[in-house]
Structures are given as structure tokens and as C-alpha cells.
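Please read the structure below before turning to the comments.
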2 protein chains.
Amino acid sequence: MAGLREAKKAQTRRALVGAALELFGEHGYERTTVAEIAEQAGVSPATFFNYFATKEDVVFADQHLYDEILREVFAAADGTEPIAEFVPRTVRALATAPAWSFPLDDPLTAVRARLIASVPALRAGFLLRNAVFADSWARALCETYPGVLTEATAATLTGAVMGALQGGFGAYSGGEPLADVVTRAAEYVVAGFPLSSSDSPSRRSSRRNRSAGNRPRNS
Amino acid sequence: MAGLREAKKAQTRRALVGAALELFGEHGYERTTVAEIAEQAGVSPATFFNYFATKEDVVFADQHLYDEILREVFAAADGTEPIAEFVPRTVRALATAPAWSFPLDDPLTAVRARLIASVPALRAGFLLRNAVFADSWARALCETYPGVLTEATAATLTGAVMGALQGGFGAYSGGEPLADVVTRAAEYVVAGFPLSSSDSPSRRSSRRNRSAGNRPRNS
DNA sequence: GCACAAACTTAGAGTCTCTCTAAGTTTAGA
DNA sequence: TCTAAACTTAGAGAGACTCTAAGTTTGTGC
């Protein structure tokens, strides 16, 4: 029964994340001290740093879940699927999986998104984590498609995809489901953006059908 | 006229940047204190924060020069050049202009590049500045090509281009001139990556249309 | 030259993040 | 129950950064 210690740790960790996001949402990130977070969670300030290396880390507590999704997608890949389809499919898997231990409709989820978008230090941390993620993504692509992709091309590709996701996410204003938006962004990156004047935004959907994913192969 | 004061300020600023990069290169970023930088530059620690808001800022002292290059490129643009050509041309302008007040062969330039690549805090700051840069780039594109680009598409595009540059730069190992590498990366983003097996990297220049897959593929 | 105003520099006190160490407390397993 | 490992904690301290008040230098009008 080695469960008691583990359960207590998970509980403390969760209490710290919850307390932090609550206080951040109420008073702002900079104006909330680690001491206040620890007090709200019922532990000492020293314990906070036992669970998170930095104050920033508490906002990205669940980042590692995306790594697992990536691992799963690549574990099921055999390198026969065209890269131009595999990459957008990977993006959709990342966008649709619930990689966050709070439910999507939890207020703290919204607080977290707003913090990352508005606090420069957190945005920088987010971008850094994404860049590291893009690095391992590129490495995995090279291993799954040996000979097809150079390291430089893979790094350029995954960097572009992550950049497109970030840019698209920043300009996202609701409406269309986010998973569709980011998947299309990935398709644009691998297959090219619709930029010629005859390919106006209003006709984008017809172009999208042609590009990747599922079928209508009516070229 | 007020020339003496300006000159002295510029001299102090330059002394601080030089002292900082020298000490960073010698002892590392974290192990160098602001007090040491100030002493080496012959001013008080308080003065350091008169010139730079943070210790990190001293590494990115000349970032604003890229903004000026972007402004110049867009000032000379009239919106008739195809976006698929204009964007890579912009990238080449950014890559070839000497946007750094130390010469390219100055040892401090190499120190700076190595620091940004190896110190997480600096890499994060670099990425944040790039993201802000991508934002204003997207805004300028929307203004130069009204009606052709939505805000979301422009943000996705410039995000992808910056991401591609970062990824390609990270995997850069010399050989080909860097300006060529990043310009080609931008071309990949706007027009699509050469990903099918018949389209090997060596003959990318003959790649013509931007459909997702001209793929004779054995699936 | 001289005095005044603005710009610039500085010391000092203080807050907060983060590190490290040593000591106390709790849990797992014999 | 006893022991060893894991976990928590207080306390001391370094260092980035802020703020204020005081000193110094520079440009301008006389």
C-alpha cells in the first residue's frame, strides 16, 4: 500500500496549482507571492519549491501530457503515411486531447489561458516550452521518416507548425472549433498558404479539401 | 546643442553591453551579477537599470533595429508583389542587414548567439521578442494587402515563418550561407514543404505549384 | 562668466524569487 | 515496534529589481 504517500503528494500538488491560479486570477500574476500561494494551499513556502522549481512552473504543471500524446501518435506511426497528412493529423490529436488536468469548462482553465496570453513572462515560458516540444517532435519525425527528412528540414517544419499554431491561436476569436483552425493551419504550413488573389479567403474551404486529410482526390 | 550628453549616454550604454557580454562569455550568464557588470563598465548598479529594465535586456539591446528594417521593407511595398514572393524577400532583407551594432566578426557577436542558444531564460526572451515581432509583421501584411489576408491568416503565416526561421537556425551547422537557408525556409512556408519522396531536398528549386501532394505514393 | 533648470547618477532601504542546510515529521517495510 | 527513506519546514542568505531622496553634470538664458 504505497498509495498514501503518492495520494498526498498529488493532493498537495493540486492544491498548489489551484491556489496559485485562483490568486493569479484574482490579483494578477506579479502581485501574487509564492508565500501567499503556499499559505492558501496550507503548506510552507519552502514546500512550494519542492513541487515546482519556479513560480512560473505552476502555470505549466501539465505540460508533460502533451509529450505523452506525441509519443502515442508516433508509437502508432509506421512511416508509410504521407508526411503532409501525418503532421496535420498529429496537430489534431494534440488539439483534441484533454491535456490539462482541469476540465475544459473549469474557470481555472480560462484563467490559465488568459494569463499565458497577457503576462509576458508566462508567454515567454510558453514559447520556450513549445520550442523544446518542437525540437523533440522534429527528432521523432526524423526517426519515423529516415532518409526523407533532413534534420534541418524537420526542425524547420516543426518550428513552422508550432509558430503557425501560436499565431493562429493568438488571433483566434471563437466561432469555428479551435481544433479545426489549428489543423488547417498545419495544412497550410505543409502544403502552402492560399495567397494568390484567385485563391481568396472565401474559397479557402475548397482548397482545403484538396490539400490533405480525407479523400476527395479530385485534382 | 545637446551633443555631449547624447554621446556620453551612447558610450555608457555601449560600455554596459560590452562589459556584460564579456563577463557572460567568461563566467556564464547566471553567475554574472549586475553589480559586476556595472563595476566593469565604471558605473553604479543603479545606473545599469537606468539603461536596461532587466539583466536580460542587455543581451537584446539592438533588437529594435529589426523593427526598422521591417518598416523600411514595408514602406517600399505597394501591395502588387505576390505575397509568396514578398515574404521570402522580407526574410532575406532581415537576414542580410547588419542588425547588430557589433560587427559580425566581433567575438561578442558569437558570445551573444551562443548565450541565446544555451541559456533557457535568454532563449525564452528571444522567442518572446520574435513573437512580438511576428505580431507587428502580421499587422503590416494586413495593411499592405487589404482584403487578401484575414488577420488570422496573416498571424498564422508570420508565426509559421518565424517558427521556421527559429527551427532552421537551431539546426544550422554552417556550410551554406545563413541568408540562403532562412530564405528557403520562408519559401517552404508560403509555398509548401517538399515532402513527397520524389521531391528530394536537392531539387527543391524546381518545385512549382503549392498543392498538398503531388504524391505518387505507395500507401 | 553666472545662475537656474533639466537630465543624469547614485546610495540606501526594501521586496520577492530562489537556493541551501540542518533539523524535524511522516510513512513504508522488516 | 523499529529503522530508513521520503517529505516538510525554519532560517539564513544571494541576487534581481523598485523606489525615493539626494547629489552631480550639462544645457540655456542672462
Side-chain angles (χ1 to χ4, degrees), chain A residues 1-21 23-24 26-61 115 119-126 128, chain B residues 1-21 23-24 26-61 115-116 119-126 128-129:
Chain A
M1 319 174 105
L4 209 166
R5 189 167 273 174
E6 305 294 326
K8 236 183 169 178
K9 272 186 75 171
Q11 182 186 347
T12 301
R13 188 182 179 83
R14 206 187 157 77
L16 282 168
V17 173
L21 289 179
L23 292 171
F24 290 164
E26 198 170 342
H27 304 122
Y29 177 75
E30 283 96 349
R31 300 190 50 190
T32 303
T33 70
V34 170
E36 291 166 349
I37 298 169
E39 188 183 2
Q40 171 112 351
V43 297
S44 79
T47 299
F48 177 94
F49 291 105
N50 260 340
Y51 283 84
F52 303 101
T54 66
K55 176 182 172 184
E56 182 188 309
D57 271 2
V58 78
V59 177
F60 302 106
L115 285 171
V119 180
L122 295 178
R123 191 178 177 194
F126 180 68
L128 177 61
Chain B
M1 284 307 286
L4 209 165
R5 190 168 273 171
E6 304 295 327
K8 235 182 169 178
K9 272 185 74 168
Q11 183 185 346
T12 301
R13 189 183 178 84
R14 207 186 156 77
L16 282 168
V17 173
L21 289 179
L23 292 171
F24 290 163
E26 198 170 343
H27 304 121
Y29 176 75
E30 281 97 351
R31 300 189 51 191
T32 303
T33 70
V34 170
E36 291 166 348
I37 298 169
E39 187 183 3
Q40 171 112 350
V43 297
S44 80
T47 298
F48 178 94
F49 290 105
N50 259 340
Y51 284 83
F52 304 100
T54 67
K55 176 182 173 185
E56 182 188 308
D57 271 3
V58 78
V59 177
F60 302 106
L115 285 170
I116 292 175
V119 180
L122 294 179
R123 192 178 177 195
F126 180 68
L128 177 61
R129 283 164 177 79

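- Between the R13(B) side chain and the K9(B) main chain, no donor and acceptor come within less than 3.5 Å of each other.
- If you find the closest nucleotide of DNA chain C to A46(A) and to T32(A), the one lying nearer the 5' end belongs to T32(A).
- Listed nucleotides: dC17(D), dT25(D), dT8(D). Nearest to the side chain of F49(B): dC17(D).
- When the side-chain nitrogen and oxygen atoms of S44(B) are compared with OP1 and OP2 of dT10(C), one or more of them lie within a distance under 4.0 Å.
- Heavy atoms from other residues, nucleotides or ligands lying under 6.0 Å from CD of E39(A) number 12 at most.
- To the nearest angstrom, C1' of dG15(D) lies 13 Å from CZ of F24(B).
- In this entry the distance linking CD of E36(B) with P of dA14(D) reads 13 Å, nearest Å.
- If you check every strand for non-hydrogen atoms under 4.0 Å, A53(A) touches sugar and phosphate atoms only.
- Between the CG atom of L23(A) and the C1' atom of dT17(C) there is a distance of 17 Å, rounded to whole Å.
- When rounded to the nearest whole Å, the span between CD of E30(B) and C1' of dT19(C) equals 13 Å.
- The shortest heavy-atom contact between A121(B) and E56(B) is O-OE1, 3.9 Å.
- One atom, CZ of F48(A), and another, C1' of dT17(C), lie 10 Å apart when rounded to the nearest Å.
- Rounded to an integer number of Å, the gap from CD of Q11(A) to P of dT8(D) is 11 Å.
- Scanning all heavy atoms of the two residues, the minimum distance from T54(B) to F49(B) falls at CA-CE2, 4.5 Å.
- Within the structure, a side-chain polar atom (N or O) of K8(B) is placed less than 4.0 Å from OP1 or OP2 of dT26(D).
- If you check dT17(C), dA16(D), dC7(D) against the side chain of K55(B), the one that comes closest is dA16(D).
- With dT9(C), dT17(C), dA16(D) as the choices, the nucleotide that has an atom nearest any side-chain atom of T47(B) turns out to be dT9(C).
- Here F52(A) lies out of heavy-atom contact (under 4.0 Å) with every strand.
- At the heavy-atom level, Y51(B) lies under 4.0 Å from the strands shown only through sugar-phosphate atoms.
- Here the closest non-hydrogen pair linking G125(B) and F60(B) is C-CZ, 4.0 Å.
- Spacing between atom CZ of R13(B) and atom C1' of dC8(C) amounts to 15 Å, rounded to whole angstrom units.
- Rounded to an integer number of Å, the gap from N50(A) CG to dA22(C) C1' is 14 Å.
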